Asker: 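Dumping the structure here so I can ask a few things about it.
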Amino acid sequence: MSGPNEQQRELITKTEGIYIADAGPGTGKTYTISLRYAHILNNKDVSPEDILLITFTNNAAENMKERIINKCDHNKAALRDAPISTFHSLCNNILREYGFEAPEILGIHDRLTSSTEVMENNVIEEQEFVRFFNSFIEKHPEHVDLYRVIGDQAELLGLIKTLGAKGIIPTSEGWFRNSDRHLDGDFDKFKEQFDKVNEPVPGANGFKQSLLRGKLTDYKNKCFTKDAPDYLEIRGEGVQVPERFASECFYEEREEFKQFIHDVYFEYIEYALSRNYINFSLMIMFAFALLCEDHELREKLSYQYVMIDEFQDTNEIQFKLALLLSSTGNICVVGDWKQSIFSFQYASVDNILLFEERLKEYSRELNEDHKRIKYSTDIEGKIPLDENFRSTQEITDFSQQGLMVEATKKEKLEKEEILSRITHLSAVKNFGETEIGAYTAEDEVELILWKIEQLVSGELDYGDIAVLTRTRRFGLRLLKAAEKYGIPVAYEGGIELFLTKPSLVLLAWLRVVKDENSKRGWAQLLDLAGYRYAEVGHILDNRRYPTDMCKFARKLKRAKTIGEFAREVFDKYGLDDPFCDGMIEVLQNVYNSTYLNTAEMINFIEVNIEAGNTYDVDSSTEENVFKIQTIHSSKGLEYPVVILADVGKGGGGFGSPLEFRDPIGLRQNKIYSEDGMPFNYDNWRSHLLKKCLSGDYDEERRLFYVAMTRAESYLFLTAEEGKESQFFVNMDIEAQSVEPVVEKVEPVVKSRNELTVEAVKIPSPAKYTSHALIEYSGSGGGMGMDYGTKVHNFAERYVKDDVEPENIDEENVKDYIDSLDGEVRAEVVCLLPLVKDGRKLFFDGVIDLLNLDGDTIRLVDFKTGRPGANLQEYFKQLSVYYHAVKGVYPDKEVEAYVLYTADGSLVSVDVLSVDEILAKL
DNA sequence: CACTAACCGATTTTT
DNA sequence: TCGGTTAGTG
């Protein structure tokens with residue numbers, strides 16, 4: 001880049017006052033922000049600790065810091081410690097230093113301590129929440145009618161977090177700073193939406209019924225309480241729903257329900273603190289409360305300059321926090337409403353769309369009882385960045401269409417209005433060739449692979465191509481197919497296999513098979529089978545489980561392997577997807593090498609869940625591969641070629657019996673009543689309210705937009721023939737129907753070679769890595785772990801490609817490898833099963849280098865430490881490798897060496913016998 | 001043409 | 001459980 005353009009320069013140099021920058025895709029946002037930071041530092045009398053820069057992810061914060069350090073002449077150490085971070089780590093730091101008594105602000109007599117942990121795994125948190133909620137039920141019998149209504153307790157936790165994101169916080173006495181006013185909703189805003197959907201629709205002869213009236217056809221199939229108006233009454237005599245129902249539904253009695261939410265919310269915070277953890281939502285909440293109430297601390301912590309990147313991803317409480325964190329009103333928010341796709345993470349797109357409005361509203365709110373916001377909240381300027389450095393003009397214009405495409409056949413969009421909100425982007429770079437295409441075929445997966453093969457047969461490489469999908473599921477299907485054809489591919493982003501539904505079902509059955517009265521197992525299974533909370537409790541107490549389920553458990557007991565077990569379970573539930581296959585693969589592999597019994601298998605899954613382990617479907621280190629990603633994870637990235645697969649709208653809403661929605665506030669969709677038949681009745685009021693809110697596809701369109709704007713020069717849309725979504729159909733492009741033929745590609749050599757010895761079947765296994773044998777003396781000198789890893793990586797790469805050594809260690813490795821005859825393999829995985837005291841043990845490890853030279857096999861381990869150091873310890877490790885290799889090649893002469901890479905000295909290993917290895921344990 | 005009953009298919013992920 | 005689509009009815 002030849003320096004900032006006019007708009008970028010404006011953003012860089014105008015630093016005093018409040019600015020909002022509209023930074024569309026490819027407009028050089030990160031570049032501009034880092035220059036702005038440098039500009040402030042160089043031209044104002046401030047140091048890095050006076051400038052707060054907030055980003056969305058830790059990764060982004062790191063990148064930003066790197067850039068700024070490179071651009072500024074300022075003290076590098078000070079910049080490393082500069083407040084360039086996410087909201088969460090900023091709040092965490094504040095709480096660690098000043099937050100000990102923050103809970104007291106809410107009336108909780110507990111403390112945040114340095115040992116308070118941040119709950120990162122939401123599955124574990126849900127388990128904690130369920131534990132909490134069960135004790136809550138015992139303590140609060142008065143809410144019994146509400147308990148009957150709750151299907152999934154974890155949804156209640158979700159509801160609490162939604163409230164937290166909006167800045168609605170409970171205290172021992174009531175609600176923090178009257179935040180409960182938001183619980184009631186906003187009638188005027190609701191009425192606006194009501195009127196809109198209740199507008200009669202113009203038809204061929206006069207007016208047709210309003211959308212709302214049409215939607216209410218299901219009203220008669222619902223089961224409402226006695227006070228509900230009947231079908232004819234609510235739909236009215238004309239083409240509209242009578243207007244009086246708007247206020248009649250909106251203003252319903254909610255006091256008891258609100259009290260219940262308050263109590264659950266407040267006591268859960270108490271519970272979390274008593275268990276010594278907080279979640280991410282509480283982290284922000286406590287920091288916010290602290291900065292609200294401790295005026296001295298706020299003055300002390302606030303910053304002269306505040307910048308927030310990706311502002312479209314912030315939520316309400318973060319907006320307010322930002323206002324509190326600024327001392328002077330020098331605030332700059334940068335974002336793009338068109339790229340707001342994280343509402344399910346509680347992001348509020350209105351923060352940026354209604355920036356001015358919210359700015360005024362929030363500062364008024366924060367100043368109600370004390371003047372916290374002392375600066376002017378007038379906006380100094382709006383700066384649109386309007387040059388796109390990423391994509392060609394064709395792609396830029398085409399993607400913009402995506403924001404105005406109808407998602408359904410009925411949907412009507414006010415395109416002029418949308419257009420007026422979009423900053424038109426002009427492409428600056430000429431990339432030469434550009435192409436936009438759309439294809440359909442019977443098999444979309446084959447279609448995509450066919451297109452990729454077509455592309456790489458020309459000028460393009462696999463590495464230029466990214467396939468973006470809306471769901472991980474489709475991505476994994478594509479991955480599987482690509483691997484089948486040998487097309488080089490990488491799925492970006494790991495999969496938390498054990499948090500998927502198949503895994504939870506499987507785990508529940510394992511529990512039940514292990515212990516026929518397992519409460520956790522049965523609770524989950526009964527819940528899945530559709531039993532309500534109260535019924536589940538009854539069944540568990542009386543231990544009278546459904547007979548067909550008991551029968552299935554007996555069948556499972558006879559399964560011979562975990563794979564068979566899992567397959568039975570998945571078949572029973574009609575689960576059949578790549579997650580199931582992945583699970584079976586992982587579990588069967590574990591089983592094959594360790595013969596875990598049921599209890600151990602349960603533990604294995606639990607540990608995986610606990611650790612939030614993700615399983616990378618492909619760990620290929622190859623560079624030239626095409627990438628598969630979900631659209632959400634592709635945000636911020638760019639590729640020469642983007643193939644956008646599986647476009648369409650996501651599943652409709654998920655209704656929960658208790659929920660919070662703007663602008664109707666807190667609502668109870670189900671009501672338990674014994675008036676007549678005891679039953680969970682539908683709430684006719686919230687039924688009508690919800691019909692007025694539905695059908696908002698804006699975020700789906702933005703998702704579509706984000707995906708398309710990742711492309712630099714080539715963009716292709718694909719769809720399954722006959723199942724094209726309205727997005728696909730309504731875009732201004734002619735789709736080509738093709739019959740794809742995919743050719744098999746020569747298989748790529750695997751980067752790791754498997755070398756496994758047939759194991760002996762003995763129960764109760766344990767697993768060790770060969771490094772567990774080694775006790776380092778600590779005096780090895782050496783250059784540390786990272787350096788060692790680098791040298792090892794060099795060896796692996798040198799064997800495969802021809803890379804140049806970069807230091808003396810790597811040169812010695814190269815010289816040694818060059819001196820060898822025969823086949824050389826690097827990074828060979830090996831496994832050695834042993835038996836000690838009737839217990840099976842596994843040692844595994846990675847052999848750095850394996851040299852197959854006629855009848856001789858040499859195995860070599862590289863050590864970057866001081867030559868001669870730790871030799872005895874290394875001998876133990878190498879002995880394990882020796883026996884593993886000898887097990888596979890019993891007829892060959894096996895030699896083991898340690899190569900000290902510092903001076904190239906080679907030491908022959910005195911191999912220990914198996915018994916000696918065992919004795920060392 | 002307007003309306004309705006019956007059927008179908010249903011997430012994304014960071015802190 | 002939801003809403004959209006489709007096929008069928010008046």
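So you know, we letter chains A, B, ... as the sequences are listed, proteins then strands, and number each from 1. Computed from a predicted model, the values in this text were never measured in an experiment.
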Asker: Can you see whether A:Thr718 engages A:Glu444 through a side-chain donor-acceptor pair at a distance of less than 3.5 angstrom?
Answerer: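 Checked: A:Thr718/A:Glu444 side chains pair up, N/O donor to acceptor below 3.5 Å.
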Asker: Just checking A:Asn58: base, sugar-phosphate only, or nothing, at a heavy-atom cut-off of under 4.0 Å?
Answerer: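 Counting heavy atoms under 4.0 Å across all strands, the contact made by A:Asn58 is with sugar-phosphate only.
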Asker: Specify the separation, in whole Å, of atom OH of A:Tyr219 and atom P of B:dC3.
Answerer: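 Taking atom P of B:dC3 as the reference, OH of A:Tyr219 is at 20 Å.
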Asker: With a 4.0 Å cut-off on heavy atoms, is A:Lys635 in touch with a base, just the backbone sugar-phosphate, or nothing at all?
Answerer: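 Counting heavy atoms under 4.0 Å across all strands, no contact is made by A:Lys635.
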Asker: Which nucleotide in the set B:dT13, B:dT15, C:dC2 lies at the smallest distance from any side-chain heavy atom of A:Phe280?
Answerer: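 Closest nucleotide to the A:Phe280 side chain: B:dT15.
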Asker: Taking NZ, NE, NH1 and NH2 as the nitrogens, is one of them in A:Lys166 or A:Glu316 under 4.0 Å from a carboxylate oxygen of the other?
Answerer: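 A salt bridge links A:Lys166 with A:Glu316.
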Asker: Rounded to the Å, how far apart are A:Leu216 CG and C:dG4 P?
Answerer: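 One finds 13 Å between P of C:dG4 and CG of A:Leu216, rounded.
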Asker: Below 3.5 Å between N/O atoms, which protein atoms pair up with nucleotides 4-6 of chain B? Just atom names and distances, please.
Answerer:
{"from": "B:dT4", "atom 1": "OP2", "to": "A:Arg235", "atom 2": "NH2", "distance (Å)": "3.4"}
{"from": "B:dA5", "atom 1": "OP1", "to": "A:Lys220", "atom 2": "NZ", "distance (Å)": "3.4"}

Asker: Can you check whether A:Arg710 reaches A:Leu468 side chain to side chain, under 4.5 Å on heavy atoms?
Answerer: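 A side-chain contact exists here, since the closest heavy-atom pair is under 4.5 Å.
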Asker: Is A:Lys691 near enough to C:dC2 that one of its side-chain N or O atoms lies under 4.0 angstrom from OP1 or OP2?
Answerer: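 A:Lys691 to C:dC2 OP1/OP2: no side-chain N or O under 4.0 Å.
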Asker: Given C:dG3, is OP1 or OP2 found less than 4.0 Å from the side-chain N or O atoms of A:Tyr697?
Answerer: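 No, A:Tyr697 has no side-chain N/O under 4.0 Å of OP1/OP2 on C:dG3.
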Asker: Rounded off to whole Å, could you give me the NZ-to-P distance for the A:Lys723 and C:dT6 pair?
Answerer: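 It is 12 Å, rounded to the nearest whole Å.
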Asker: Considering every strand and a 4.0 Å limit on heavy-atom distances, what is the contact class for A:Lys222: base, sugar-phosphate, or nothing?
Answerer: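 Sugar-phosphate contact only.
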Asker: Aromatic rings A:Phe132 and A:Tyr271: how do their planes relate, parallel, tilted or perpendicular, breaks at 30° and 60°?
Answerer: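 Rings of A:Phe132 and A:Tyr271: tilted, as their planes differ by 30° to 60°.
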Asker: Between A:Lys208 and A:Phe56, which has a closest nucleotide on DNA chain B that is more 5'?
Answerer: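 In this pair, the answer is A:Lys208.
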Asker: A:Arg96 CZ to B:dT15 C1': how many Å, rounded?
Answerer: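 Distance, rounded to whole Å: 14 Å.
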Asker: Ignoring hydrogens and geometry beyond distance, is a side-chain donor-acceptor pair present between A:Tyr697 and A:Glu406 at under 3.5 Å?
Answerer: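 Short answer, no.
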Asker: Taking OP1 and OP2 of B:dT15, is either one under 4.0 Å from a side-chain nitrogen or oxygen of A:Ser281?
Answerer: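 No, no such contact exists.
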Asker: Could you tell me how far C:dT1 sits from B:dT12 if I compare only their P atoms? Round to whole Å.
Answerer: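 It works out to 24 Å between them.
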Asker: In whole Å, I'd like the distance from the NE2 atom of A:His687 to the P atom of C:dG3.
Answerer: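 Whole-Å distance recorded here is 8 Å.
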Asker: Of the listed nucleotides (B:dT15, B:dA2, B:dT13), which one gets closest to any side-chain atom of A:Thr86?
Answerer: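 When the side chain of A:Thr86 is considered, B:dT15 is the closest of B:dT15, B:dA2, B:dT13.
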Asker: Which word best sums up how the rings of A:Phe342 and A:Phe56 line up, parallel for under 30°, tilted for 30 to 60°, or perpendicular for over 60°?
Answerer: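 If you compare the ring of A:Phe342 with that of A:Phe56, the planes turn out tilted.
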Asker: With the side chain of A:Thr408 defined as its heavy atoms from C-beta on, choose the nearest nucleotide among B:dT15, B:dT12, C:dG4.
Answerer: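 Ranking B:dT15, B:dT12, C:dG4 by closest atom to the A:Thr408 side chain puts C:dG4 first.
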Asker: Out of B:dT15, C:dT5, B:dT11, which has the shortest distance to the side chain of A:Gln726?
Answerer: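 Of the candidates, C:dT5 comes closest.
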Asker: Rounded to whole angstroms, how far apart are NZ on A:Lys161 and C1' on B:dT13?
Answerer: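 Taking NZ of A:Lys161 and C1' of B:dT13, I get 12 Å after rounding.
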Asker: To the nearest Å, give me how far apart NE2 (A:His632) and P (B:dT14) are.
Answerer: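 Rounded to whole Å, this separation is 10 Å.
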Asker: Please tell me which of A:Gln345 and A:Val239 maps to the more 5' nucleotide of DNA chain B, matching each residue to the nucleotide holding its nearest heavy atom.
Answerer: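 Mapping each residue to its closest nucleotide by heavy atoms, the 5'-most match is A:Val239.
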Asker: Check for me: is A:Phe344 stacked on B:dT12 by the 5.5 Å centroid and 30° plane-angle rule?
Answerer: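 Stack criterion met.
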Asker: Does the ring center of A:Tyr681 lie less than 6.0 Å from the ring center of A:Tyr672?
Answerer: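 No, ring centres 6.0 Å or more apart.
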Asker: To the nearest angstrom, how far is A:Glu659 atom CD from C:dC2 atom C1'?
Answerer: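 In whole Å, C:dC2 C1' lies 11 Å from A:Glu659 CD.
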Asker: With a 4.5 Å limit on heavy-atom distance, are the side chains of A:Tyr491 and A:Leu478 in contact?
Answerer: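 Of all side-chain heavy-atom pairs linking A:Leu478 with A:Tyr491, none is under 4.5 Å.
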